[in-house]
Asker: 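Got a structure for you, written out below as structure tokens; questions coming shortly.
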Protein chains: 2
Amino acid sequence: METTKKYGERADLALSMWVKLARAFSTFNRLTGKDIAGYGLTQPQFGVLEALGHLGPMKIGGFCEKTLASGGNITVVVDNLERDGLVERVREGDDRRTITVRLTKKGTDLFHDIFKKHAAFVSEISSVLTREEQRELSKLLKKLGTSLQKKM
Amino acid sequence: METTKKYGERADLALSMWVKLARAFSTFNRLTGKDIAGYGLTQPQFGVLEALGHLGPMKIGGFCEKTLASGGNITVVVDNLERDGLVERVREGDDRRTITVRLTKKGTDLFHDIFKKHAAFVSEISSVLTREEQRELSKLLKKLGTSLQKKM
DNA sequence: TCCATTTGTTTTAAATTTGAAATATATCAA
DNA sequence: TTGATATATTTCAAATTTAAAACAAATGGA
């Protein structure tokens, strides 16, 4: 723990928290990334499949919010998933600008198979914290994340 | 909060925590990234300057650990900082394979100038949490990060 | 000494990500 | 209806990131 006051007590506390947030995320992300690569998917691809599997068909724009990936990038990710026969683009509804993406049969099967294993993996590595600690961490992260969202 | 048990209680809790960790990191990272861009630096460049400013001269390999950037990438970052006259590479010590990087006068001045502002910025956005919450969050993130490190 | 192995850094090519146009369609007010 | 503005998606070029190969130097055992 940093004890020297370099930038004042408040700033030191905030900087220290930010470093720990970045490190915890980075390490967790690397571990899950390896797990996902083991299924032959990239992380953004997995994110799109996950959103579709859990939330149902959605418009391209929906992925930007859900997977936190930036606009033009989703196009490529969906292109590649479509090429692999996992998702399909359909025009539906009255707004012809929007495109709905949905899982194919193959995509649905893959999702169910993979995500169960992935959930077990995430659960396993998270067990370095007790369930109570996980609940407390979730609560604080949620407050931080949603509060910051308003500053964007 | 997710209340439906999709993958079992433990897995749902872990997945929920992981989503919140990713979102909080992403949002925080975007905000600090904008602040850093305002100083004319990229995030990896800022990370290298920060490491040098706080920890003193270090070898290339040191940045990989400190800034969590992957190997060959640091070379480019240091190249660009050197081009801008902010850091310099020196060979010193008895191992001629290693290269020590250190701040130039210009780099030191820039570091002191911008890091104070950056610290204030991080402190400001972190104030959405009380200091007690920040301490608690730090503690849990540290435990998570260091425990996961061992699984890599 | 010599050779094999290890370590530290750079180079290279491929993949990814971003942001800024470009395109197509919608909406709304005059 | 027209024109201006807004929204959804794609295209494109530039920057970034990664992993693997290449290179240089150090180490340690035969």
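Order of the sequence lines fixes the chain letters, A, B, ..., with proteins taken first and strands second; residue numbering starts at 1 for each chain. What you are looking at is a predicted structure, and each value in this text was computed from that prediction instead of being measured. Heavy atoms only: backbone and side chains are in, while hydrogens, waters and symmetry mates are out.
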Asker: Would you please name every residue forming a side-chain contact (heavy atoms from CB on, under 4.5 Å) with A/Ala24, sequence neighbours left out?
Answerer: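 For A/Ala24, the residues satisfying side-chain contact (heavy atoms from CB on, under 4.5 Å) (neighbours in sequence not counted) are B/Leu141, B/Leu144.
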Asker: Looking only at non-hydrogen atoms, find the nearest pair between A/Ala22 and B/Leu68 and report the distance.
Answerer: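 Minimum heavy-atom contact is O-CD1, 4.3 Å.
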Asker: Could you point out which residue of A/Val87, A/Leu52, A/Thr42 forms a side-chain contact (heavy atoms from CB on, under 4.5 Å) with A/Leu81?
Answerer: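 When side-chain contact (heavy atoms from CB on, under 4.5 Å) is applied between A/Leu81 and each of A/Val87, A/Leu52, A/Thr42, only A/Val87 qualifies.
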Asker: Under 3.5 Å between N/O atoms: give me all the protein pairs with nucleotides 9-11 of chain D, atom names plus distance.
Answerer:
from	atom 1	to	atom 2	distance (Å)
D/dT9	OP1	A/Ile60	N	3.4
D/dT9	OP1	A/Ile99	N	3.0
D/dT9	OP1	A/Ile99	O	3.3
D/dT9	OP2	A/Gly61	N	2.7
D/dT10	OP1	A/Arg89	NE	3.0
D/dT10	OP1	A/Arg89	NH2	3.3
D/dT10	OP2	A/Thr75	OG1	3.0

Asker: Report yes if some heavy atom in the side chain of B/Met17 is under 4.5 Å from a heavy atom in the side chain of A/Leu129; otherwise report no.
Answerer: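 Counting from C-beta outward, B/Met17 and A/Leu129 do come under 4.5 Å.
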Asker: Between A/Gln45 and A/Asp84, do the side chains contain an N or O donor and an N or O acceptor separated by less than 3.5 Å?
Answerer: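 No - no donor-acceptor pair under 3.5 Å links their side chains.
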Asker: Starting at atom CG of A/Asn29, determine the distance to atom C1' of D/dT18, rounded to an integer number of angstrom.
Answerer: 14 Å
Asker: Round to a whole Å and report the spacing from CE of A/Met58 to P of D/dA8.
Answerer: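 My rounded result for the distance is 14 Å.
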Asker: Heavy atoms only, 4.0 Å cut-off, all strands: where does B/Asp94 land among base, sugar-phosphate and nothing?
Answerer: sugar-phosphate
Asker: Distance under 4.0 Å to a non-hydrogen atom of chain A counts as contact; along DNA chain C, which nucleotides mark the start and end?
Answerer: C/dT16 to C/dA26
Asker: Do B/Lys20 and B/Ser16 have side-chain N/O donor and acceptor atoms under 3.5 Å apart?
Answerer: yes
Asker: Does a salt bridge link A/Asp109 with A/Lys105, judged by any charged N lying under 4.0 Å from a carboxylate O?
Answerer: yes
Asker: Got more than 12 heavy atoms from elsewhere within 6.0 Å of NZ, B/Lys59?
Answerer: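 Not buried by this count: 12 neighbours or fewer within 6.0 Å.
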